[in-house]
Protein chains: 2
Amino acid sequence: MQNNNNFIPNIKRSELFAGISEKDIQQMLVCFNAKKKKYCEGQVIFSGGEKIDQMGIVLSGRVYMESNDITGNKSIIRELAVGDILGDLYALSRNGRLIFDAVAHEDAELLFIDVDKVMTPCAKACTRHLTTMKNLLTELAGKACNLDRKLSHMSMRTTREKLMSYLREEANHQGTENVTLKFNRQELADYLCVDRSAMSKELQKMKKDGLIDFSGNKFKITG
Amino acid sequence: MQNNNNFIPNIKRSELFAGISEKDIQQMLVCFNAKKKKYCEGQVIFSGGEKIDQMGIVLSGRVYMESNDITGNKSIIRELAVGDILGDLYALSRNGRLIFDAVAHEDAELLFIDVDKVMTPCAKACTRHLTTMKNLLTELAGKACNLDRKLSHMSMRTTREKLMSYLREEANHQGTENVTLKFNRQELADYLCVDRSAMSKELQKMKKDGLIDFSGNKFKITG
DNA sequence: CACCCTCTGTTGCATTTGACACATACTGAT
DNA sequence: ATCAGTATGTGTCAAATGCAACAGAGGGTG
């Protein structure tokens, strides 16, 4: 591991180390064989089909899990921010092969950790080991719930329903009717797996029908 | 827990108890406060919005996680068979609230287990406790991967692409080009979130175009 | 300012899809 | 055999969607 541990405050934001002191984290990072790596915007971090045995924690920047199919359609599967964990579900599953690409959406720094080091209690009695395993379980369960939530939007039959489903959840999550999206229009369309222009049309119709109001990426549910 | 433990062979098929002897399983079931329960076909096991702190292991029958929206559209999110675990990702996540309904698709028996009992090492030193935690992590990761796989089908823009994506994965999973589906047409449509009649038409077109061949629920990818 | 680039909305058109109705098996029960 | 019920495929039509092309609004840079 590198000498400069100035990323420790950021790593504390990760669910993996919840309830663990900075001092203990530093010890564990050695134990977990943690390695820091930088990525430029657009750079591929993991690519679909690849077999991995490390998971990455986002220290800075944003990362997208995305699918780029043969016909040129991009789909944003999920979006990862600082503290989020990348690739854990593949590295921890039996076959370990990625389905999607992980791409740096902005310049980003990641800290990579060997998953088997997390899964296997180490010899030097890391007392916090059990805590990280429990944290990982919670994190993984949360991620799976988010996938379920995304599926609930995707299972809607029309673009309008997909948008409402997504916006309602965002409103719920952000705790206000006035929702600020992190996506631009193209990204929102890629996230909901619909055509951008068709979505743009539908958004206008929904505004006219009094369902929503919006300006830029500030949305409000009104219906 | 009931006296008749004749379901132990079935429970051994669950990933949760992988690598644990029958004798140890019996002890752990007491420790986990396991309770068996029967459900009739069509009966709701968990319903959307409900908060849960138990997970269920399918001892017999089949269970669907499904979404039933206001407009009457059903979507089959996933299908659980004997040995599969139900509700774990909700029970283990922070908020613990279900998004979908879990419904018995056939008469079914489930064994319910307290998740916090699994998460907390017990006083009477269950040596196998760590194993179940690791197993649960693997199972959860595998489930999340399946959700990702499902998302990869759903993100396809056309019914034809959704079908091909799904069939290719099934072929891959079943290890043969001759795929036997567990779904009937309506269920397949509900799984891929498309209209049944439209899908039926598309299947015929795909057959005519030489992409696939099928009869009943036996499919073959030919293109 | 002129230029380039990106983002968003708009339009027209061809295709796909969903909804509904109905015909045709096939199944199981009586 | 008869009947009811279910599963599957077909036909028609309206609506939704994708696609391509373009216009206008910024935003940054030389």
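The chains referred to below are lettered A, B, ... by the order of the sequence lines, with proteins before strands, and numbering in each begins at 1. Below, each value reflects all heavy atoms present in this structure, side chains not excepted, and no hydrogens, waters or symmetry copies.
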Practice task
Have a look at the helix from dC1(C)-dG30(D) to dT30(C)-dA1(D) and give the angle its two end axes make, five pairs each, rounded to 10 degrees.
Solution key: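 Comparing the axis at each end, I get an angle of 40°.
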Practice task
Tell me whether the centres of the aromatic rings in Phe46(B) and Tyr90(B) are closer together than 6.0 Å.
Solution key: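 For Phe46(B) and Tyr90(B), the ring centres are not under 6.0 Å apart.
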Of the candidate nucleotides [options], which contains the atom at the shortest distance from the side chain of [X]?
X	options	value
Ser197(A)	dG9(D), dT11(C), dC20(C)	dT11(C)
Lys205(B)	dT16(C), dG9(D), dC20(C)	dT16(C)
Arg185(A)	dG18(C), dG9(C), dT11(C)	dG9(C)

Handout entry: Test item: Glu50(A) and Arg97(A) side chains (from C-beta on) under 4.5 Å apart, heavy atoms
Key =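 Glu50(A) does not reach Arg97(A) side chain to side chain.
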Practice task
Would you indicate, yes or no, if dT17(D) has its OP1 or OP2 atom less than 4.0 angstrom from a side-chain nitrogen or oxygen of Thr159(A)?
Solution key: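 The answer is yes; a side-chain N or O of Thr159(A) sits under 4.0 Å from OP1 or OP2.
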Exercise for the section: Would you please confirm or rule out a distance under 4.0 Å between OP1 or OP2 of dT10(C) and any side-chain N or O of Gln204(A)? Expected result: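 Result: yes.
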Taking atom [atom2] of [N] as reference, at what distance in whole Å does atom [atom1] of [X] sit?
X	N	atom1	atom2	answer
Met156(B)	dT16(C)	CE	P	17 Å
Leu192(B)	dT16(C)	CG	P	18 Å
Glu202(B)	dG9(D)	CD	P	13 Å
Asn184(B)	dT27(C)	CG	P	14 Å
Lys201(A)	dG18(D)	NZ	P	9 Å
Asp195(B)	dT10(D)	CG	P	15 Å
Asn217(B)	dA25(C)	CG	P	19 Å
Asp190(B)	dA7(D)	CG	C1'	14 Å

Exercise for the section: Decide whether Glu187(B) and His105(B) meet the rule of one side-chain donor and one side-chain acceptor closer than 3.5 Å. Expected result: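 Yes, side-chain donor-acceptor contact under 3.5 Å.
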Practice task
Would you please say whether a donor-acceptor pair under 3.5 Å links the side chains of Asn135(B) and Glu139(B)?
Solution key: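 Side-chain D/A pair, Asn135(B) to Glu139(B): absent.
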Problem - Closest-nucleotide ordering on DNA chain C, the 5'-leading residue of Cys193(B) and Arg196(B) - result: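 Its nearest nucleotide being more 5', the pick is Cys193(B).
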Exercise for the section: Report the residue (Ala198(A) or Arg157(A)) whose heavy-atom-nearest nucleotide on DNA chain C is the more 5′ of the two. Expected result: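 It is Ala198(A), whose closest nucleotide lies nearer the 5' terminus.
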Handout entry: Geometric cation-pi criterion, Lys207(A) with Phe214(A): 6.0 Å, 45°
Key =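 The answer is yes; both the distance and angle limits are met.
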Exercise for the section: Please determine if Lys74(B) forms a cation-pi arrangement with Tyr64(B), meaning its NZ or CZ atom is less than 6.0 Å from the six-membered ring centre and no more than 45° off the ring axis. Expected result: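 Ring-cation test returns no.
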Practice task
Considering only NZ, NE, NH1 and NH2 on the basic side and carboxylate oxygens on the acidic side, decide whether Lys37(B) and Glu109(B) come within less than 4.0 Å.
Solution key: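 Between Glu109(B) and Lys37(B) there is no salt bridge, as every charged N stays at least 4.0 Å from the carboxylate O atoms.
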Handout entry: Touch class at under 4.0 angstrom, heavy-atom based, for Ser200(B) against every strand present
Key =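 Contact class for Ser200(B): base.
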